[in-house]
Amino acid sequence: MNPLPAEDTQRLDELSDALGLPITAAQRQHLLAYVEQLARWNATYNLTAVRDRAAVWSQHIADCLAVLPALDRHLATRPDTRRVLDVGSGGGLPGVLLAVMRPGLDVTCVDTVGKKAAFIRQVAGTLGLPNLHTAHSRVEALRAPPFDLITSRAFAALPDFVRLTKPLLSAGGAWLAMKGKHPADEIAGLPAEVAVFHVEPVAVPGLDAERCLVWLQPKAP
């Protein structure tokens with residue numbers, strides 16, 4: 001196996017320092033190997049429109065890892081959160097990174113594109129991640145036990161996101177949508193039975209763009 005690029009190692013070290021994010025040796029190797037596989041598959045299949053290696057780190061890897069502090073705070077208040085569904089996962093962003101960095105979570109990535117689902121299956125096998133799964137399906141057609149947390153990144157507007165995935169949400173579960181600018185118009189269009197309980201800005205190292213996380217849950221009956 002060829003050695004991984006030294007630039008990737010440096011980028012990961014800088015990202016870990018900037019986020020104050022502890023990364024184990026195993027997680028480090030998994031992340032570096034994932035980026036390498038993403039680059040290789042992307043040369044043939046359109047997993048992501050971003051092809052420049054440095055941009056992959058800033059626009060994808062940093063963007064997803066920056067979510068972890070907020071996710072950890074959520075998990076601290078809801079420690080029974082176990083099953084996670086990442087909708088429209090594409091090349092596994094953020095689903096693969098969540099499975100690597102938080103091995104206590106059982107993560108399923110769903111996408112309608114077969115090659116993207118195949119890529120995530122390959123990643124799960126190559127990296128040895130028993131907590132990472134994939135489904136080649138439209139989310140509204142997915143049949144699975146309920147999920148405690150449903151995430152999305154550039155999947156759909158919030159009203160469509162919650163409408164399509166609500167049947168898959170467990171009792172007491174929550175949605176986490178990764179967004180750019182504060183989506184006030186999307187929030188205004190949410191159905192009456194869904195509540196936004198937190199919107200928080202996210203600073204992504206090396207990325208000069210607005211990012212925020214929108215946390216939602218069904219309103220109590």
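Val202 and Val199 fall into different hydrophobic clusters, where Ile, Leu, Val, Met, Phe, Trp and Tyr residues are linked whenever their side-chain heavy atoms come under 4.5 Å apart, directly or through other members. No chain of hydrophobic side-chain contacts below 4.5 Å, direct or via other Ile, Leu, Val, Met, Phe, Trp or Tyr residues, connects Phe161 to Val67. Transitive grouping of hydrophobic side chains (ILVMFWY, heavy atoms separated by less than 4.5 Å) brings Phe197 and Leu71 into a common cluster. Hydrophobic clustering of Ile, Leu, Val, Met, Phe, Trp and Tyr side chains at less than 4.5 Å, counting indirect connections, unites Leu15 with Leu38. Under the 4.5 Å side-chain heavy-atom criterion for Ile, Leu, Val, Met, Phe, Trp and Tyr, Val113 and Tyr45 are members of distinct hydrophobic clusters.
Residues Val100 and Tyr34 have side chains not in contact (no heavy-atom distance under 4.5 Å, counting atoms from C-beta outward). The side-chain heavy atoms of Pro146 and Leu168, taken from C-beta on, include no pair separated by under 4.5 Å. In this structure, Pro103 and Gln27 have side chains that are in contact, with non-hydrogen atoms separated by less than 4.5 Å. In this structure, His198 and Arg73 have side chains that are not in contact, with every pair of non-hydrogen atoms separated by 4.5 Å or more.
Summarising the geometry, atom CG belonging to Asp160 is positioned 10.0 Å from atom CD belonging to Glu140; distances are rounded to the nearest 0.5 Å. Going from atom CG of Leu127 over to atom CG of Leu129 covers 5.0 Å, rounded to the nearest 0.5 Å. Of the inter-residue distances, the one linking Cys64 atom SG with Leu93 atom CG reads 4.5 Å to the nearest 0.5 angstrom. The distance from atom CG of Leu149 to atom CG of Leu98, rounded to the nearest 0.5 Å, is 8.0 Å.
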Side-chain polar contacts of residues 169-182 - donor-acceptor pairs under 3.5 angstrom, sequence neighbours left out - could you list them?
residue	atom	partner	partner atom	Å
Ser170	OG	Phe147	O	3.1
Ser170	OG	Asp148	OD1	3.2
Trp175	NE1	Thr165	OG1	2.8
Lys179	NZ	Ala156	O	3.0
Lys179	NZ	Glu186	OE1	2.9
His182	ND1	Ala184	N	3.4

What side-chain donor-acceptor pairs closer than 3.5 Å can you find for residues 213-221, not counting sequence neighbours?
residue	atom	partner	partner atom	Å
Trp215	NE1	Glu200	OE2	2.9
Gln217	OE1	Arg78	NH2	2.6
Lys219	NZ	Ala192	O	2.9

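Closest approach of Arg83 and Ala144 over heavy atoms only: NH2-CB, 4.2 Å. Residues Gly95 and Val107 share a closest heavy-atom pair of O-CG1, 3.6 Å. When all heavy atoms of Pro183 and Leu158 are compared, the closest pair comes out as CG-CD1, 4.0 Å. Of all heavy-atom pairs spanning His136 and Ala117, the tightest one is CB-CB, 3.8 Å. In terms of heavy atoms, Leu105 sits closest to Thr81 at CD2-O, 3.8 Å. The two atoms that bring Pro130 and Asp106 nearest to each other are O-OD1, 4.5 Å, heavy atoms only.
Between Arg11 and Glu7 there is no salt bridge, since none of the side-chain N atoms of the basic residue sits less than 4.0 Å from a carboxylate O of the acidic one.
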Report task. Evaluate the side chain to side chain contact (heavy atoms under 4.5 Å, CB included) criterion for residues Ile150 and Val87: first the C-alpha distance (whole Å), next the side-chain angles of each, then the deciding distance (0.1 Å), finally the verdict. Result -> CA-CA 7 Å; Ile150 301 179; Val87 181; 3.6 Å; yes
Requested in this report: Decide yes or no on side chain to side chain contact (heavy atoms under 4.5 Å, CB included) for Arg53 and Glu36, but give the supporting numbers first.
Outcome: CA-CA 9 Å; Arg53 192 85 162 211; Glu36 180 68 15; 2.5 Å; yes
Report task. Given side chain to side chain contact (heavy atoms under 4.5 Å, CB included), test Leu190 with Val196 step by step and report yes or no. Result -> CA-CA 9 Å; Leu190 286 168; Val196 174; 3.5 Å; yes
Requested in this report: Please test Thr134 against Val110 for side chain to side chain contact (heavy atoms under 4.5 Å, CB included), starting from the C-alpha separation and ending with a verdict.
Outcome: CA-CA 6 Å; Thr134 185; Val110 60; over 6 Å; no
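Here the side chain of Asp86 pairs no donor or acceptor atom with the backbone of Cys109 at under 3.5 angstrom. In terms of modelled atom types and a separation under 3.5 Å, the side chain of Ser16 and the main chain of Leu12 share no donor-acceptor contact. Under a 3.5 Å cut-off, the side chain of Asn42 and the backbone N or O of Leu47 do form a donor-acceptor pair. Judged by distance alone, with hydrogens and angles left aside, the side-chain atoms of Ser152 form no donor-acceptor pair with the main-chain N or O of Phe155 at under 3.5 Å. Between the Thr44 side chain and the Trp41 main chain, no donor and acceptor come within less than 3.5 Å of each other. Judged by distance alone, with hydrogens and angles left aside, the side-chain atoms of Gln59 form no donor-acceptor pair with the main-chain N or O of Val56 at under 3.5 Å.
Residue pairs meeting the side-chain hydrogen bond (donor to acceptor under 3.5 Å, both in side chains) criterion with at least one member in residues 108-119, sequence neighbours excluded, do not occur.
Side-chain contact annotation: Arg153 with His60, donor-acceptor N/O pair under 3.5 Å present.
Within 6.0 Å of CG in Asp185 there are 12 or fewer heavy atoms belonging to other residues, nucleotides or ligands.
Partner Trp57 forms a side-chain hydrogen bond (donor to acceptor under 3.5 Å, both in side chains) with one of Asp8, Asp63, Asp52 and no other, that one being Asp8.
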